[in-house]
2 protein chains.
Amino acid sequence: MTTRWLTPEEQRAWRAYIGAALLMEDALDRQLQQEAGMPHMYYSILSVLSEAPERRLRMTDLAEGLKITRSRLTYAVTRLEKDGLVRREHCRWDKRGSIAALTDEGMTMLERAAPGHVETVRTLLFDRLTPEQVRQMEGIFSKVAEGFEGDAAQAAPDDVPWRRRSAKPCS
Amino acid sequence: MTTRWLTPEEQRAWRAYIGAALLMEDALDRQLQQEAGMPHMYYSILSVLSEAPERRLRMTDLAEGLKITRSRLTYAVTRLEKDGLVRREHCRWDKRGSIAALTDEGMTMLERAAPGHVETVRTLLFDRLTPEQVRQMEGIFSKVAEGFEGDAAQAAPDDVPWRRRSAKPCS
DNA sequence: TAGGTTTGTTTCAAACTTGAACCAAGCCCG
DNA sequence: CGGGCTTGGTTCAAGTTTGAAACAAACCTA
(Lines give C-alpha, C1' and ligand atoms only; values in the text may rest on other atoms or scores of the structure.)
Protein backbone atom coordinates (compact mmCIF):
# COMPACT_ATOMS: atom_id res chain seq x y z
CA MET A 1 0.00 0.00 0.00
CA THR A 2 1.25 3.45 -0.83
CA THR A 3 2.11 5.64 2.13
CA ARG A 4 -0.63 7.84 3.51
CA TRP A 5 1.40 10.97 4.15
CA LEU A 6 0.27 13.51 6.68
CA THR A 7 -2.19 16.11 5.49
CA PRO A 8 -1.14 19.73 5.89
CA GLU A 9 -3.36 20.05 8.97
CA GLU A 10 -1.86 16.94 10.48
CA GLN A 11 1.59 18.16 9.75
CA ARG A 12 0.94 21.47 11.42
CA ALA A 13 -0.52 19.71 14.44
CA TRP A 14 2.38 17.29 14.62
CA ARG A 15 5.03 19.94 14.39
CA ALA A 16 3.37 22.19 16.89
CA TYR A 17 3.10 19.26 19.24
CA ILE A 18 6.65 18.03 18.86
CA GLY A 19 8.10 21.46 19.35
CA ALA A 20 5.95 22.47 22.28
CA ALA A 21 6.39 19.12 24.00
CA LEU A 22 10.16 19.41 23.79
CA LEU A 23 10.17 22.96 25.08
CA MET A 24 7.87 22.11 27.95
CA GLU A 25 9.85 19.11 29.07
CA ASP A 26 13.05 21.09 28.94
CA ALA A 27 11.56 23.94 30.91
CA LEU A 28 10.14 21.55 33.47
CA ASP A 29 13.44 19.76 33.82
CA ARG A 30 15.33 22.97 34.30
CA GLN A 31 12.86 24.32 36.80
CA LEU A 32 12.93 21.18 38.91
CA GLN A 33 16.65 20.82 38.60
CA GLN A 34 16.91 24.30 40.04
CA GLU A 35 14.45 23.93 42.85
CA ALA A 36 14.72 20.29 43.72
CA GLY A 37 17.94 19.11 42.14
CA MET A 38 16.27 16.46 40.06
CA PRO A 39 14.74 16.06 36.60
CA HIS A 40 11.03 15.91 36.00
CA MET A 41 10.85 12.14 35.85
CA TYR A 42 12.43 11.83 39.29
CA TYR A 43 9.94 14.27 40.67
CA SER A 44 7.17 12.19 39.12
CA ILE A 45 8.48 9.12 40.88
CA LEU A 46 8.20 10.85 44.23
CA SER A 47 4.81 12.17 43.26
CA VAL A 48 3.38 8.79 42.30
CA LEU A 49 4.79 7.22 45.43
CA SER A 50 3.23 9.92 47.59
CA GLU A 51 -0.22 9.01 46.34
CA ALA A 52 0.16 5.27 46.71
CA PRO A 53 -1.27 3.54 49.78
CA GLU A 54 1.33 3.73 52.55
CA ARG A 55 3.49 5.67 50.10
CA ARG A 56 5.08 2.54 48.77
CA LEU A 57 4.90 0.60 45.52
CA ARG A 58 6.44 -2.45 43.90
CA MET A 59 9.06 -1.48 41.36
CA THR A 60 7.13 -2.96 38.48
CA ASP A 61 3.93 -1.20 39.44
CA LEU A 62 5.77 2.06 39.79
CA ALA A 63 7.40 1.62 36.41
CA GLU A 64 4.08 0.83 34.80
CA GLY A 65 2.41 3.81 36.39
CA LEU A 66 5.15 6.07 35.11
CA LYS A 67 5.34 4.41 31.72
CA ILE A 68 9.05 3.81 31.92
CA THR A 69 11.22 0.70 31.79
CA ARG A 70 12.15 -1.17 34.95
CA SER A 71 15.76 -0.61 34.19
CA ARG A 72 15.32 3.13 34.05
CA LEU A 73 13.43 3.03 37.29
CA THR A 74 16.10 0.95 39.00
CA TYR A 75 18.66 3.57 38.16
CA ALA A 76 16.47 6.43 39.27
CA VAL A 77 15.47 4.82 42.55
CA THR A 78 19.10 4.07 43.32
CA ARG A 79 19.86 7.74 42.97
CA LEU A 80 16.85 8.85 44.99
CA GLU A 81 17.79 6.34 47.65
CA LYS A 82 21.26 7.82 47.84
CA ASP A 83 19.62 11.18 48.36
CA GLY A 84 17.53 9.71 51.14
CA LEU A 85 14.24 10.51 49.42
CA VAL A 86 13.21 6.92 48.80
CA ARG A 87 13.95 3.72 50.67
CA ARG A 88 13.98 0.23 49.23
CA GLU A 89 12.23 -2.49 51.17
CA HIS A 90 11.99 -6.21 50.70
CA CYS A 91 8.64 -7.60 49.74
CA ARG A 92 7.57 -10.10 52.31
CA TRP A 93 5.14 -11.89 50.02
CA ASP A 94 7.42 -12.33 47.09
CA LYS A 95 11.08 -12.66 47.81
CA ARG A 96 11.96 -11.48 44.32
CA GLY A 97 10.14 -8.27 44.94
CA SER A 98 11.48 -4.88 45.80
CA ILE A 99 9.40 -2.05 47.15
CA ALA A 100 10.13 1.63 46.80
CA ALA A 101 8.92 3.66 49.75
CA LEU A 102 8.84 7.43 49.98
CA THR A 103 10.74 8.58 53.06
CA ASP A 104 9.62 11.50 55.21
CA GLU A 105 12.49 13.41 53.75
CA GLY A 106 11.23 12.54 50.29
CA MET A 107 7.76 13.71 51.19
CA THR A 108 9.16 16.96 52.51
CA MET A 109 11.15 17.52 49.36
CA LEU A 110 8.06 16.85 47.29
CA GLU A 111 6.01 19.31 49.27
CA ARG A 112 8.73 21.86 49.01
CA ALA A 113 9.05 21.49 45.25
CA ALA A 114 5.40 21.06 44.35
CA PRO A 115 4.30 24.71 44.34
CA GLY A 116 7.04 25.79 41.99
CA HIS A 117 6.40 22.86 39.74
CA VAL A 118 2.68 23.46 39.53
CA GLU A 119 3.31 27.12 38.94
CA THR A 120 5.53 26.25 36.01
CA VAL A 121 2.99 23.86 34.53
CA ARG A 122 0.42 26.61 34.82
CA THR A 123 2.58 29.25 33.27
CA LEU A 124 3.70 27.10 30.39
CA LEU A 125 0.45 25.38 29.70
CA PHE A 126 -2.81 25.94 31.49
CA ASP A 127 -2.68 29.69 31.77
CA ARG A 128 -2.45 29.78 28.01
CA LEU A 129 -5.41 27.51 27.36
CA THR A 130 -9.14 28.01 27.61
CA PRO A 131 -11.08 25.60 29.81
CA GLU A 132 -12.45 24.20 26.59
CA GLN A 133 -8.95 23.46 25.37
CA VAL A 134 -8.08 21.74 28.62
CA ARG A 135 -10.99 19.41 28.04
CA GLN A 136 -9.90 18.86 24.45
CA MET A 137 -6.43 18.04 25.62
CA GLU A 138 -7.70 15.34 27.90
CA GLY A 139 -9.86 13.96 25.13
CA ILE A 140 -6.98 13.79 22.72
CA PHE A 141 -4.42 12.20 24.97
CA SER A 142 -6.63 9.72 26.72
CA LYS A 143 -7.60 8.54 23.28
CA VAL A 144 -3.94 8.20 22.39
CA ALA A 145 -3.17 6.44 25.64
CA GLU A 146 -5.92 3.93 24.93
CA GLY A 147 -3.96 2.84 21.92
CA PHE A 148 -1.24 1.57 24.21
CA GLU A 149 -3.48 -0.37 26.54
CA GLY A 150 -2.58 -4.00 26.73
CA ASP A 151 1.03 -3.20 25.88
CA ALA A 152 1.58 -3.57 29.63
CA ALA A 153 -0.07 -5.68 32.27
CA GLN A 154 -3.20 -4.44 33.96
CA ALA A 155 -3.87 -4.26 37.68
CA ALA A 156 -5.83 -6.75 39.70
CA PRO A 157 -8.43 -4.50 41.30
CA ASP A 158 -9.00 -5.53 44.88
CA ASP A 159 -5.63 -5.70 46.53
CA VAL A 160 -3.08 -3.24 47.82
CA PRO A 161 -0.66 -2.49 45.00
CA TRP A 162 2.53 -3.21 46.86
CA ARG A 163 1.38 -6.68 47.68
CA ARG A 164 -0.70 -7.26 44.59
CA ARG A 165 1.58 -9.75 42.82
CA SER A 166 2.09 -13.35 43.88
CA ALA A 167 -1.16 -13.38 45.76
CA LYS A 168 -0.20 -15.93 48.38
CA PRO A 169 1.52 -14.74 51.53
CA CYS A 170 4.44 -16.90 52.54
CA SER A 171 3.37 -18.01 55.97
CA MET B 1 0.58 34.07 47.04
CA THR B 2 -0.84 30.69 47.85
CA THR B 3 -0.34 28.03 45.19
CA ARG B 4 -3.02 27.65 42.57
CA TRP B 5 -3.11 23.87 42.39
CA LEU B 6 -4.36 22.13 39.30
CA THR B 7 -8.09 21.61 39.08
CA PRO B 8 -9.27 18.02 38.64
CA GLU B 9 -9.82 18.64 34.92
CA GLU B 10 -6.36 20.08 34.55
CA GLN B 11 -4.88 17.20 36.43
CA ARG B 12 -6.59 14.68 34.21
CA ALA B 13 -5.43 16.54 31.12
CA TRP B 14 -1.89 16.80 32.43
CA ARG B 15 -1.60 13.15 33.35
CA ALA B 16 -3.09 11.96 30.12
CA TYR B 17 -0.68 14.18 28.26
CA ILE B 18 2.42 13.18 30.18
CA GLY B 19 1.68 9.50 29.85
CA ALA B 20 0.73 9.55 26.21
CA ALA B 21 3.65 11.77 25.26
CA LEU B 22 6.11 9.41 26.91
CA LEU B 23 4.59 6.36 25.27
CA MET B 24 4.57 7.99 21.86
CA GLU B 25 8.16 9.12 22.04
CA ASP B 26 9.26 5.68 23.15
CA ALA B 27 7.34 4.00 20.40
CA LEU B 28 8.70 6.41 17.83
CA ASP B 29 12.24 5.91 19.06
CA ARG B 30 11.95 2.17 18.93
CA GLN B 31 10.39 2.16 15.52
CA LEU B 32 13.07 4.38 14.04
CA GLN B 33 15.84 2.58 15.85
CA GLN B 34 14.60 -0.58 14.17
CA GLU B 35 14.16 0.76 10.70
CA ALA B 36 16.79 3.45 10.51
CA GLY B 37 19.14 2.76 13.39
CA MET B 38 18.62 6.15 14.96
CA PRO B 39 16.38 7.78 17.54
CA HIS B 40 13.54 10.10 16.63
CA MET B 41 15.53 13.28 17.20
CA TYR B 42 18.19 12.20 14.74
CA TYR B 43 15.57 11.45 12.17
CA SER B 44 14.15 14.92 12.75
CA ILE B 45 17.54 16.43 12.09
CA LEU B 46 17.69 14.76 8.71
CA SER B 47 14.12 15.75 8.07
CA VAL B 48 14.63 19.43 8.82
CA LEU B 49 17.79 19.49 6.74
CA SER B 50 15.99 17.91 3.81
CA GLU B 51 13.55 20.80 3.68
CA ALA B 52 16.11 23.55 3.99
CA PRO B 53 17.30 25.37 0.87
CA GLU B 54 20.17 23.37 -0.60
CA ARG B 55 19.61 20.88 2.21
CA ARG B 56 22.00 22.67 4.48
CA LEU B 57 21.68 24.78 7.60
CA ARG B 58 23.86 26.56 10.11
CA MET B 59 24.17 24.63 13.32
CA THR B 60 22.47 27.31 15.36
CA ASP B 61 19.54 27.59 12.97
CA LEU B 62 19.16 23.84 12.95
CA ALA B 63 19.24 23.71 16.73
CA GLU B 64 16.65 26.45 16.96
CA GLY B 65 14.39 24.79 14.46
CA LEU B 66 14.57 21.56 16.41
CA LYS B 67 14.31 23.26 19.77
CA ILE B 68 17.38 21.57 21.16
CA THR B 69 20.64 22.86 22.56
CA ARG B 70 23.61 23.46 20.31
CA SER B 71 25.60 21.05 22.38
CA ARG B 72 23.11 18.28 21.83
CA LEU B 73 23.10 19.01 18.14
CA THR B 74 26.88 18.94 17.93
CA TYR B 75 26.91 15.47 19.37
CA ALA B 76 24.15 14.25 17.10
CA VAL B 77 25.65 15.68 13.95
CA THR B 78 29.00 14.14 14.81
CA ARG B 79 27.32 10.78 14.94
CA LEU B 80 25.34 11.32 11.76
CA GLU B 81 28.49 12.47 10.06
CA LYS B 82 30.23 9.26 11.08
CA ASP B 83 27.35 7.39 9.50
CA GLY B 84 27.79 9.45 6.35
CA LEU B 85 24.29 10.91 6.47
CA VAL B 86 25.36 14.46 7.11
CA ARG B 87 28.46 16.39 6.15
CA ARG B 88 29.88 19.39 7.94
CA GLU B 89 30.94 22.34 5.87
CA HIS B 90 32.69 25.57 6.73
CA CYS B 91 30.71 28.73 6.43
CA ARG B 92 32.38 31.03 4.00
CA TRP B 93 30.74 34.16 5.36
CA ASP B 94 31.46 33.58 8.98
CA LYS B 95 34.54 31.67 9.86
CA ARG B 96 33.09 30.70 13.20
CA GLY B 97 30.21 29.06 11.48
CA SER B 98 29.60 25.43 10.78
CA ILE B 99 27.06 24.13 8.31
CA ALA B 100 25.37 20.77 8.41
CA ALA B 101 24.52 19.43 4.98
CA LEU B 102 22.41 16.40 4.22
CA THR B 103 24.34 13.97 2.03
CA ASP B 104 22.72 11.97 -0.75
CA GLU B 105 23.12 8.97 1.45
CA GLY B 106 21.32 10.85 4.20
CA MET B 107 18.52 11.77 1.83
CA THR B 108 18.20 8.17 0.77
CA MET B 109 18.05 6.98 4.34
CA LEU B 110 15.39 9.57 5.08
CA GLU B 111 13.30 8.50 2.12
CA ARG B 112 13.68 4.89 3.11
CA ALA B 113 12.62 5.52 6.71
CA ALA B 114 9.89 8.07 6.13
CA PRO B 115 7.01 5.77 5.21
CA GLY B 116 7.42 3.62 8.29
CA HIS B 117 7.75 6.67 10.47
CA VAL B 118 4.66 8.34 9.09
CA GLU B 119 2.76 5.10 9.39
CA THR B 120 3.70 4.92 13.07
CA VAL B 121 2.66 8.50 13.71
CA ARG B 122 -0.64 7.72 12.06
CA THR B 123 -1.23 4.55 13.99
CA LEU B 124 -0.32 6.03 17.33
CA LEU B 125 -1.94 9.38 16.90
CA PHE B 126 -3.88 10.57 13.91
CA ASP B 127 -5.84 7.42 13.20
CA ARG B 128 -7.21 7.71 16.70
CA LEU B 129 -8.28 11.34 16.41
CA THR B 130 -11.14 13.05 14.65
CA PRO B 131 -10.28 15.82 12.17
CA GLU B 132 -11.74 18.17 14.76
CA GLN B 133 -9.29 16.92 17.35
CA VAL B 134 -6.39 17.37 14.98
CA ARG B 135 -7.38 21.00 14.65
CA GLN B 136 -7.70 21.30 18.41
CA MET B 137 -4.27 19.82 18.84
CA GLU B 138 -2.72 22.43 16.61
CA GLY B 139 -4.58 25.13 18.47
CA ILE B 140 -3.39 23.93 21.82
CA PHE B 141 0.25 23.47 21.00
CA SER B 142 0.78 26.50 18.87
CA LYS B 143 -0.61 28.46 21.78
CA VAL B 144 1.88 26.75 24.07
CA ALA B 145 4.72 27.31 21.66
CA GLU B 146 3.90 31.01 21.54
CA GLY B 147 4.74 31.15 25.19
CA PHE B 148 8.31 30.31 24.34
CA GLU B 149 8.74 32.84 21.59
CA GLY B 150 11.53 35.24 22.25
CA ASP B 151 13.35 32.65 24.32
CA ALA B 152 15.43 32.18 21.19
CA ALA B 153 16.49 34.50 18.41
CA GLN B 154 14.26 35.00 15.42
CA ALA B 155 15.19 34.84 11.78
CA ALA B 156 15.92 37.72 9.50
CA PRO B 157 13.39 37.12 6.74
CA ASP B 158 14.99 37.82 3.41
CA ASP B 159 18.15 35.79 3.28
CA VAL B 160 19.06 32.18 2.79
CA PRO B 161 19.24 30.55 6.20
CA TRP B 162 22.68 29.04 5.90
CA ARG B 163 24.16 32.40 5.18
CA ARG B 164 21.77 34.45 7.26
CA ARG B 165 24.09 35.40 10.08
CA SER B 166 26.93 37.89 9.80
CA ALA B 167 25.38 39.59 6.84
CA LYS B 168 28.57 40.72 5.23
CA PRO B 169 30.33 38.35 2.89
CA CYS B 170 34.05 38.16 3.45
CA SER B 171 35.32 39.19 0.08
C1' DT C 1 42.65 50.04 15.99
C1' DA C 2 43.06 47.97 20.61
C1' DG C 3 40.35 46.01 24.00
C1' DG C 4 36.10 44.26 25.58
C1' DT C 5 31.88 42.07 24.62
C1' DT C 6 28.96 39.07 22.05
C1' DT C 7 28.16 35.15 19.05
C1' DG C 8 28.92 30.37 17.01
C1' DT C 9 30.51 26.13 18.06
C1' DT C 10 32.83 22.49 20.34
C1' DT C 11 34.59 20.00 24.38
C1' DC C 12 34.40 17.69 28.65
C1' DA C 13 32.72 15.30 32.69
C1' DA C 14 28.80 13.89 34.95
C1' DA C 15 24.24 12.24 34.74
C1' DC C 16 20.81 9.66 32.49
C1' DT C 17 18.66 6.11 29.21
C1' DT C 18 18.59 1.92 26.54
C1' DG C 19 18.40 -2.89 25.73
C1' DA C 20 20.27 -7.08 26.25
C1' DA C 21 21.96 -10.31 29.55
C1' DC C 22 21.67 -12.14 33.99
C1' DC C 23 20.11 -13.96 38.47
C1' DA C 24 16.68 -15.30 41.58
C1' DA C 25 12.37 -16.84 43.00
C1' DG C 26 7.77 -18.27 41.84
C1' DC C 27 4.89 -21.33 38.97
C1' DC C 28 3.40 -25.31 36.37
C1' DC C 29 2.92 -29.90 35.23
C1' DG C 30 4.22 -34.54 34.47
C1' DC D 1 9.71 -33.95 43.64
C1' DG D 2 12.30 -32.03 39.29
C1' DG D 3 12.93 -29.76 35.48
C1' DG D 4 11.44 -25.89 32.49
C1' DC D 5 9.02 -21.61 31.76
C1' DT D 6 7.69 -17.01 33.55
C1' DT D 7 8.22 -13.03 36.41
C1' DG D 8 10.63 -9.29 39.23
C1' DG D 9 14.65 -6.82 39.44
C1' DT D 10 19.30 -5.60 38.73
C1' DT D 11 23.57 -5.12 36.08
C1' DC D 12 26.44 -3.75 32.43
C1' DA D 13 28.17 -1.47 28.34
C1' DA D 14 27.11 1.62 24.89
C1' DG D 15 24.77 5.62 23.57
C1' DT D 16 22.73 10.10 24.60
C1' DT D 17 21.87 14.46 27.10
C1' DT D 18 23.17 18.22 30.12
C1' DG D 19 25.42 22.39 31.45
C1' DA D 20 29.38 24.67 32.21
C1' DA D 21 33.72 25.92 30.36
C1' DA D 22 36.76 26.78 26.58
C1' DC D 23 37.81 28.81 22.08
C1' DA D 24 37.78 31.49 18.21
C1' DA D 25 35.93 34.80 15.22
C1' DA D 26 33.10 38.86 14.72
C1' DC D 27 31.44 43.07 16.42
C1' DC D 28 31.51 47.25 18.85
C1' DT D 29 33.32 51.57 20.66
C1' DA D 30 36.20 54.82 22.44
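A, B, ... follow the sequence lines: proteins, then strands. Residue 1 opens every chain.
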A.B. asks: So, is B:R70 close to the C:dT10 phosphate, meaning a side-chain N or O under 4.0 Å from OP1 or OP2?
C.D. replies: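 Looking at the OP1 and OP2 atoms of C:dT10, neither is under 4.0 Å from any side-chain N or O of B:R70.
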A.B. asks: Nearest 0.5 Å please: distance from the CH2 atom of B:W5 over to the CZ atom of A:R122.
C.D. replies: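 Rounded to the nearest 0.5 Å, the CH2-CZ separation comes to 10.5 Å.
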A.B. asks: Below the 4.0 Å mark, does C:dT17 have OP1 or OP2 next to a side-chain nitrogen or oxygen of A:R72?
C.D. replies: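 Yes, A:R72 has a side-chain N/O under 4.0 Å of OP1/OP2 on C:dT17.
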A.B. asks: Of all the heavy-atom pairs spanning A:A36 and A:A113, show the shortest one and how long it is.
C.D. replies: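 Where A:A36 meets A:A113 most closely, the heavy atoms are CB-CB, 3.9 Å.
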A.B. asks: Is it true that B:E138 and A:R15 make a salt bridge, defined as a side-chain N closer than 4.0 Å to a carboxylate O?
C.D. replies: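 Judged by the 4.0 Å cut-off on N to carboxylate O distance, B:E138 and A:R15 do not form a salt bridge.
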A.B. asks: Could you please name the option among C:dT11, C:dG26, D:dA25 that lies closest to any side-chain atom of B:S71?
C.D. replies: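 The listed nucleotide nearest to B:S71's side chain is C:dT11.
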A.B. asks: Mind calculating the distance between CG (B:D83) and C1' (D:dT16) to the nearest angstrom?
C.D. replies: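 Going from CG in B:D83 over to C1' in D:dT16 covers 14 Å.
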A.B. asks: Report the distance from atom CD1 of A:I45 to atom C1' of C:dA15, rounded to the nearest whole Å.
C.D. replies: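 It works out to 14 Å between those atoms.
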A.B. asks: In whole angstrom, what separates A:W93's CH2 from C:dA25's C1'?
C.D. replies: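 Taking CH2 of A:W93 and C1' of C:dA25, I get 17 Å after rounding.
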A.B. asks: Does a side-chain N or O from A:T60 land closer than 4.0 Å to OP1 or OP2 of D:dG9, or not?
C.D. replies: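 For A:T60, the contact criterion (side-chain N or O under 4.0 Å from OP1 or OP2 of D:dG9) is met.
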A.B. asks: What does B:T74 touch in the nucleic acid at a heavy-atom separation under 4.0 angstrom: a base, only the sugar-phosphate, or nothing?
C.D. replies: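 The residue B:T74 makes base contact.
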A.B. asks: B:M59 side chain: which of C:dT10, D:dA25, C:dG19 is closest?
C.D. replies: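 Among C:dT10, D:dA25, C:dG19, the one nearest the side chain of B:M59 is C:dT10.
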A.B. asks: Please report, rounded to the nearest Å, how far the P atom of D:dG9 is from the CD1 atom of A:I68.
C.D. replies: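 Rounding to the nearest Å, CD1 of A:I68 and P of D:dG9 are 13 Å apart.
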A.B. asks: Among B:R55, B:R56, B:R58, find the one that has a salt bridge (charged side-chain N to carboxylate O under 4.0 Å, His left out) with B:E89.
C.D. replies: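 So, applying the salt bridge (charged side-chain N to carboxylate O under 4.0 Å, His left out) to B:E89 and each of B:R55, B:R56, B:R58, only B:R56 qualifies.
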A.B. asks: Considering just the side-chain nitrogens and oxygens of A:Y75, establish if one lies under 4.0 Å of OP1 or OP2 belonging to D:dA13.
C.D. replies: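 So the side chain of A:Y75 is outside the cut-off, no N or O lying under 4.0 Å from OP1 or OP2 of D:dA13.
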A.B. asks: Nearest-nucleotide wise, let me know which of B:M38 and A:L73 is further upstream toward the 5' end of DNA chain D.
C.D. replies: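 Result of the comparison: A:L73.
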A.B. asks: From NE2 of B:H40 over to P of C:dT18, roughly how many Å is that when rounded to an integer?
C.D. replies: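 Distance, rounded to whole Å: 15 Å.
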A.B. asks: Identify which nucleotide among C:dA25, C:dT11, D:dT18 has an atom closest to any side-chain atom of B:T69, counting heavy atoms from C-beta outward.
C.D. replies: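 Looking only at heavy atoms from C-beta outward on B:T69, the closest nucleotide is D:dT18.
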A.B. asks: Run the salt-bridge test on B:E146 and A:R128 with the 4.0 Å N-O cut-off and return the result as yes or no.
C.D. replies: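 Yes.
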A.B. asks: Taking atom C1' of C:dG19 as reference, at what distance in whole Å does atom CD of B:Q34 sit?
C.D. replies: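 To the nearest whole Å, that distance equals 11 Å.
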A.B. asks: Return no unless some side-chain N or O of B:R88 is found under 4.0 Å from OP1 or OP2 of C:dT9.
C.D. replies: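 No, because none of the side-chain N or O atoms of B:R88 sits under 4.0 Å from OP1 or OP2 of C:dT9.
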A.B. asks: Within this structure, what is the CZ-to-P distance between B:R58 and D:dA26, rounded to whole angstrom?
C.D. replies: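 These atoms are roughly 10 Å apart.
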A.B. asks: Are B:R96 and D:dC23 close enough that a side-chain N or O sits under 4.0 Å from OP1 or OP2?
C.D. replies: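 No, B:R96 has no side-chain N/O under 4.0 Å of OP1/OP2 on D:dC23.
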A.B. asks: Find the distance A:Q33:CD to D:dG19:C1' and express it as a whole number of Å.
C.D. replies: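 Computing the A:Q33:CD to D:dG19:C1' distance gives 10 Å.
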A.B. asks: Looking across every strand, which nucleic acid part, if any, lies under 4.0 Å from A:S98 by heavy atom: base, sugar-phosphate, or nothing?
C.D. replies: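 Answer is sugar-phosphate: A:S98 comes under 4.0 Å of backbone atoms only.
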